[in-house]
**Student:** 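Input: one structure, supplied below.
Lettering of chains follows the sequences in order, A, B, ..., and the numbering in each one begins at 1.
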2 protein chains.
Amino acid sequence: MESHELKKVGLKATLPRVRVLELLERSEQRHMSAEDVYKALLDSGDDVGLATVYRVLTQFETAGLVIRHHFEGGLSVFELNEGKHHDHIVCVICGHIEEFTDEVIEQRQESIADKKGFNIKDHCLYIYGSCQDPETCPHYQSNR
Amino acid sequence: MESHELKKVGLKATLPRVRVLELLERSEQRHMSAEDVYKALLDSGDDVGLATVYRVLTQFETAGLVIRHHFEGGLSVFELNEGKHHDHIVCVICGHIEEFTDEVIEQRQESIADKKGFNIKDHCLYIYGSCQDPETCPHYQSNR
DNA sequence: CTGAAAAAGAAAAATTTTTGCATTATTGTC
DNA sequence: GACAATAATGCAAAAATTTTTCTTTTTCAG
């Protein structure tokens, strides 16, 4: 139940918040822009304002429920924070996104930060490319 | 001479373009937003329009002269493309940015992309943290 | 249930980036 | 060097995106 998760982070379980959280948990698309969320909610019959969506997403980010990414092209997207850090590999042709983690990369980052005297708060690695799989990348052939 | 570099990529050596390029080459701040560039040019007596700055920076990006980054917080910044790829470690307190490359990380990325069937076009790694050096991070003490 | 406090919604505002168009500048040729 | 063709600039207006304000509505503890 989503209301419990909201209470846990000190947010009242209002309808818009519950809906946004449900959406992020259940949507096929793990990475959604504020606009995406807004439209999806409208489509499913919820009468919510875009300003509320922005507010809620920002609150969720602050509360640690979601993570905000800035992909190439300036696109801001949100994804549910499920606790385990991961990086992203994005197909610039079809938009397909896969997640991964690599212990070696994580460790190298730590040692680089140490060497430079930084305390890591956060980090993100985005790999952009084309997935050559016609199944997942329907536009691959026409754009190859 | 900047006009030569512009010609080389097929852009006419107009005053605004030369000025923007000069600025990016000479500024202490390697990473500048469009607004930063605009203000710096006005300050140095150039009468340029903000729209032109945006246009020129986008042209430079297309031509490969500059690289555009989207840092945490949604901030778009540009830096001169000097040919050698590097990643960034950013102090979220004072804004100080350092560049680095790590061969091991680069290789791991390649092998991850291979394993997933992606052709890497580009990639970027941003580490966010606090640089604990009071010299380079003047705000560190007050925000620690 | 009820009331205080918080949140939603709508519209306006603030930001950032792009576009249309008249004017100005650049460049290859004479 | 000057000239005309072509491309680029600057301004203002328009988009696009995100945030804020303010009034009304909702939540939740007692």
**Student:** About how many Å separate CZ of A:Phe118 and SG of B:Cys131, when rounded to the nearest 0.5 Å?
**Tutor:**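 CZ of A:Phe118 is found 4.5 Å from SG of B:Cys131.
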**Student:** Could I get the full list of side chain to side chain donor-acceptor pair (under 3.5 Å) partners for B:Ser76, not counting sequence neighbours?
**Tutor:**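 B:Ser76 satisfies side chain to side chain donor-acceptor pair (under 3.5 Å) with B:His70 only.
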**Student:** Please give, in whole Å, the distance from C:dA25 P to B:Asp46 CG?
**Tutor:**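 Computing the B:Asp46:CG to C:dA25:P distance gives 14 Å.
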**Student:** Can you measure A:Arg19 atom CZ to C:dG9 atom P for me and round it to whole angstrom units?
**Tutor:**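 Taking atom P of C:dG9 as the reference, CZ of A:Arg19 is at 12 Å.
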**Student:** Once you round it to whole Å, what is the distance between C1' of C:dT16 and CG of B:Leu57?
**Tutor:**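 Rounding to the nearest Å, CG of B:Leu57 and C1' of C:dT16 are 13 Å apart.
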**Student:** Per the salt bridge (charged side-chain N to carboxylate O under 4.0 Å, His left out) rule, what does the pair list look like for residues 45-57 of chain B, sequence neighbours excluded?
**Tutor:**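 For residues 45-57 of chain B: B:Arg19-B:Asp46.
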**Student:** Rounding to an integer number of Å, can you tell me how far B:His70 NE2 sits from C:dT17 C1'?
**Tutor:**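 Going from NE2 in B:His70 over to C1' in C:dT17 covers 12 Å.
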**Student:** Pick the nucleotide of DNA chain C nearest each of B:Lys7 and B:Thr58; which residue has the one closer to the 5' end?
**Tutor:**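 That would be B:Thr58.
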**Student:** Salt bridge (charged side-chain N to carboxylate O under 4.0 Å, His left out): which pairs involve residues 32-42 of chain A, sequence neighbours left out?
**Tutor:**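 Qualifying pairs: none.
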**Student:** Within this structure, what is the CZ-to-P distance between B:Phe78 and C:dT16, rounded to whole angstrom?
**Tutor:**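 Whole-Å distance recorded here is 13 Å.
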**Student:** I want to check one thing: is the phosphate of D:dT18, taken as OP1 and OP2, less than 4.0 Å away from some side-chain N or O of A:Tyr54?
**Tutor:**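 For D:dT18, OP1/OP2 do have a side-chain N/O of A:Tyr54 under 4.0 Å.
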**Student:** May I have the distance from A:Leu42 (atom CG) to C:dA10 (atom C1'), rounded to whole angstrom?
**Tutor:**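 Answer to the nearest Å: 14 Å.
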**Student:** Separation of B:Leu50 atom CG from D:dC11 atom P, in whole Å?
**Tutor:**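 Going from CG in B:Leu50 over to P in D:dC11 covers 11 Å.
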**Student:** Just how large is the angle between the end axes of the helix from C:dC1-D:dG30 to C:dC30-D:dG1, five pairs per end, to 10 degrees?
**Tutor:**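 Angle reported: 40°, given to the nearest ten degrees.
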**Student:** Determine which pairs satisfy ring pair (Phe, Tyr, Trp, His ring centres under 6.0 Å) with at least one residue from residues 90-109 of chain A, sequence neighbours left out, and list them in order.
**Tutor:**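 Output for this query is empty, none listed.
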**Student:** For B:Tyr54, check side-chain contact (heavy atoms from CB on, under 4.5 Å) against everything at least two apart and list the hits.
**Tutor:**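 Here the qualifying residues are B:Ala34, B:Leu50.
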**Student:** To which residues is A:Val104 joined in a hydrophobic cluster, defined by side-chain heavy-atom contacts under 4.5 Å among Ile, Leu, Val, Met, Phe, Trp and Tyr, whether direct or through other members?
**Tutor:**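 B:Val104, which link up through side-chain heavy atoms under 4.5 Å apart, make up the rest of the cluster.
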**Student:** What side-chain hydrogen bond (donor to acceptor under 3.5 Å, both in side chains) pairs are there with at least one residue in residues 77-95 of chain B, not counting sequence neighbours?
**Tutor:**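 Those involving residues 77-95 of chain B are B:Arg30-B:Glu79, B:Arg30-B:Glu82, B:His31-B:Glu79, B:His31-B:His88, B:His69-B:Glu79, B:Glu79-B:His86, B:Glu79-B:His88, B:His85-B:Asp87, B:His85-B:Glu106, B:His85-B:His123, B:His86-B:His88, B:His86-B:Glu99.
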**Student:** Can you list, in residue-number order, the parts of residues 31-40 of chain B that come under 4.0 Å of DNA chain D, counting heavy atoms only?
**Tutor:**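 Residues of residues 31-40 of chain B that come under 4.0 Å of DNA chain D do not exist, since none gets that close.
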**Student:** Quick one: does A:Arg17's side chain have a donor or acceptor within less than 3.5 Å of a partner on A:Val56's backbone?
**Tutor:**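 No; judged by distance alone, with no hydrogens or angles, the pair does not exist.
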**Student:** Who are the side chain to side chain donor-acceptor pair (under 3.5 Å) partners of A:Thr58, not counting sequence neighbours?
**Tutor:**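 Listed in chain order: A:Arg68.
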**Student:** Applying side-chain contact (heavy atoms from CB on, under 4.5 Å), can you list everything that pairs with B:Ser111, at least two apart in sequence or on another chain?
**Tutor:**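 Residues passing side-chain contact (heavy atoms from CB on, under 4.5 Å) with B:Ser111: none at all.
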**Student:** Rounded to whole Å, please give me the gap between CD in B:Glu61 and P in C:dT18.
**Tutor:**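 It works out to 10 Å between those atoms.
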**Student:** Give the B/S/- string for nucleotides 1-10 of chain D, one per nucleotide from 5' to 3', where a protein heavy atom under 4.0 Å of the base yields B, of only the sugar-phosphate yields S, and otherwise -.
**Tutor:** -----BSSSB
